[in-house]
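Let me begin by presenting the structure, written as structure tokens, before commenting on it.
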Amino acid sequence: MTVPRRDVLKVGVFGGAALLLPLERTVGAQSALPPRLASSKLPAPFTVPFSVPPVLRTFRTDSTTDYYKVHMMAFQAEVIPGLHTVLWGYNGSVPGPTVHVNQGRRTVMRQINNLPRQHPTLGFTPWTSVHLHGAPSDPQYDGYASDVTNPGQYKDYRYANATSARTLWYHDHGVFHTAEDAQMGLAAQYHIFDQLERSLPIPHGDYDVPLIVSDAMFQPDGSLLIDNHDGSGFFGDVILVNGRPWPAMKVKRRKYRFRLLNASVSRSHNLFLDSGDAMTVIGTDAGLVEHPIRVTSLRAAMAERYEIVIDFSKYPVGRRIVLGNRSPKNNINYVNVDKVMAFDVVADSFDPRDNSIPDTLNPGNPTMALQVRDAVKTRVFEFNRGGGQFTINGRTWEDVVESGFTRVEASPRSDSVELWVFRNSSGGWFHPVHPHLVEFKIVDRNGKPPFPYEVGPKDVVYAAEGDTIRVLIRFEGRGKYMIHCHNMVHEDHDMMTQFEVIDPARASFDPFSVPARALPEGLF
Ligand code: C2O
Ligand code: CU
Ligand code: CU
């Protein structure tokens with residue numbers, strides 16, 4: 001096993017690129033930046049049509065399993081009208097193709113790293129590790145950051161899909177370069193369906209629509225400008241939905257269900273409709289909520305998923321409704337990042353079925369039934385910045401690497417419930433906290449109940465400036481899993497550590513036990 005190391009010395013996020021630039025331009029990250037495309041060259045909001053990513057097709061199925069082949073590859077796309085941008089996509093699509101699978105059916109995803117041997121401007125080697133975010137995968141298939149697949153290699157990821165219906169996503173997790181790899185386009189949705197979800201009269205099929213929100217910045221030649229603001233975060237001036245800048249979607253006069261995913265590297269949103277009308281939250285990260293929740297705004301950090309129903313039946317044909325963003329604190333903003341997309345109401349006829357929201361959606365969810373008295377242990381995780389690094393309890397992923405991957409921050413027992421406390425005492429950053437493997441119930445934030453729309457099973461929680469958040473988790477399975485901030489720039493530098501679920505009756509799986517393999521000659 002060869003473990004990837006950070007490329008150079010710790011020269012900061014931009015260091016890798018700065019080294020390629022003439023010396024006089026390396027004084028300070030800002031001055032080293034290539035010029036950004038003028039705002040006047042960007043499309044006006046709501047002039048580009050909306051689209052949804054393709055659904056991934058199997059290349060083989062048998063009685064238990066769907067098999068997929070995914071090529072991670074570089075390709076050119078016209079994201080900004082008139083310009084060509086090199087992106088990295090799963091099967092040459094950004095966002096990547098959506099996986100649809102029924103609960104209990106197994107999937108095998110062959111992830112083939114066909115990326116170039118070096119990033120075109122930043123110069124790093126794009127080793128990858130694919131994480132299915134939202135699934136309790138075994139450690140060797142969880143996208144453990146240091147379990148990498150180099151260009152010219154592939155790895156088969158095996159998933160049981162045993163969980164209830166939910167919106168998951170798969171994205172790159174390659175150690176130290178997750179932010180750049182995701183910014184280049186390596187992210188996609190993955191939907192698990194189950195009987196309960198299918199039986200509800202909520203929007204399905206054409207009216208069940210992924211909304212993958214991200215941001216980007218471009219150079220005059222069309223290439224992506226990846227500026228990490230000295231390691232604090234990446235913030236683009238273009239808001240993309242499903243890879244399109246500020247798109248406009250034609251909607252019929254009925255209800256739509258949107259699977260909102262904030263796939264940005266660092267930008268959080270606070271979304272609202274410019275009509276002032278309510279949206280109805282029917283699902284959170286880990287599935288449907290018990291009762292629908294009406295909200296007029298919704299804060300979404302990176303990696304959070306919300307399933308939202310918007311009812312367009314009350315609007316006249318021709319009406320435009322804008323999904324806007326009141327930017328939360330500590331994002332870097334540009335003109336038009338206060339807009340996300342538009343919905344244009346059209347007269348087309350529609351299928352009237354599955355056009356309601358029952359009062360009870362998902363009763364008796366085991367995660368939501370957890371109580372503080374069930375917890376056998378309380379553990380505190382401090383999210384901080386120190387010595388130019390982002391840390392968890394003062395430590396970084398580099399410390400885990402240096403320990404030969406033996407260092408763990410916590411060792412919960414399988415089948416036990418714990419109360420985990422996430423504390424962000426800084427005023428300068430917000431940190432979306434994500435433990436792998438588990439889903440949780442938010443008990444409180446700063447002693448107060450969570451926001452109404454957070455009352456559902458979650459796997460990411462927005463730890464805003466100064467927040468202390470308590471969550472209840474039932475641990476199942478065994479082995480080592482990461483916990484990190486989902487600002488991927490923080491995660492890479494190095495706000496990530498691990499915990500190990502202990503099952504005394506069974507040995508743990510080693511995250512490195514299924515290494516990537518070389519592609520047969522001629523395939524690369
Ligand atoms: Cu969505 Cu460890 O990540
Ligand atoms: Cu995850
Ligand atoms: Cu963070």
Side-chain angles (χ1 to χ4, degrees), residues 13 95 128-139 141-147 157 159 163 166-179 181-182 186-190 212 214 228-229 231-235 261-268 285-286 300-305 328-331 381-386 389-392 396-397 400 422-440 458-467 469 473 477 480-499 511:
V13 176
T128 59
S129 181
V130 182
H131 174 50
L132 178 56
H133 181 141
S137 305
D138 287 335
Y141 302 122
D142 193 46
Y144 194 71
S146 297
D147 170 37
Y157 289 83
Y159 305 123
T163 60
R166 61 190 59 184
T167 305
L168 306 87
W169 63 305
Y170 59 102
H171 63 81
D172 192 59
H173 223 303
V175 68
F176 306 135
H177 294 298
T178 296
D181 291 348
L186 292 171
Q189 284 196 357
Y190 186 112
I212 304 171
S214 59
N228 289 323
H229 292 96
S232 62
F234 170 81
F235 298 93
L261 158 66
N262 181 350
S264 307
V265 167
S266 304
R267 181 181 296 286
S268 66
D285 305 332
M302 300 76 82
E304 284 189 290
R305 287 92 71 212
K329 212 170 139 180
N330 286 312
N331 289 285
F381 296 80
E382 289 272 0
F383 291 77
N384 248 314
R385 189 175 168 97
Q389 298 281 98
F390 287 96
T391 62
I392 301 176
T396 63
W397 188 253
V400 174
F422 303 136
R423 196 178 287 154
N424 170 13
S425 35
S426 86
W429 294 276
F430 61 90
H431 303 297
V433 177
H434 173 51
H436 281 219
L437 174 71
V438 297
E439 56 191 74
F440 53 74
K458 295 277 294 162
D459 60 35
V460 184
V461 62
Y462 195 127
E465 300 79 359
D467 275 359
I469 296 161
I473 309 175
K480 292 179 188 136
Y481 291 92
M482 300 172 287
I483 172 172
H484 60 88
C485 171
H486 224 294
N487 179 332
M488 290 167 165
V489 177
H490 296 185
E491 170 185 340
D492 286 339
H493 295 86
D494 224 2
M495 195 173 252
M496 181 159 79
T497 184
Q498 64 177 352
F499 59 94

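Everything numeric here is computed off the predicted structure, so don't read it as measured data. Excluded from the calculations below are hydrogen atoms, water molecules and symmetry mates; all remaining heavy atoms, backbone and side chain alike, are included. Counting convention: from 1, in listed order, for ligands and their atoms alike.
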Intermediate values then yes/no, ring pair (Phe, Tyr, Trp, His ring centres under 6.0 Å), H484 and H436: CA-CA 8 Å; H484 60 88; H436 281 219; 5.3 Å; yes
Looking at every non-hydrogen atom in both residues, tell me the closest pair between [X] and [Y] and how far apart they are.
X    : Y    : answer
A179 : D492 : N-OD2, 2.8 Å
G134 : R166 : O-NH1, 3.3 Å
V130 : Y157 : N-OH, 3.0 Å
N330 : G427 : ND2-O, 3.1 Å

Is [X] close enough to atom 1 (Cu) of ligand 1 that one of its N, O or S atoms comes in under 2.8 Å?
X    : value
H486 : yes
H131 : no
H173 : no

Nearest to atom 1 (Cu) of ligand 1 - the N/O/S atom of H133, by atom name: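 Relative to atom 1 (Cu) of ligand 1, the closest nitrogen, oxygen or sulfur of H133 carries the name ND1.
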Metal site angle (apex the Cu ion (ligand 2)), NE2 from H131 and NE2 from H434, 10 degrees: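 Rounding to the nearest 10 degrees gives 160°.
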2.8 Å cut-off met by an N, O or S atom of H436 to atom 2 (Cu) of ligand 1: yes
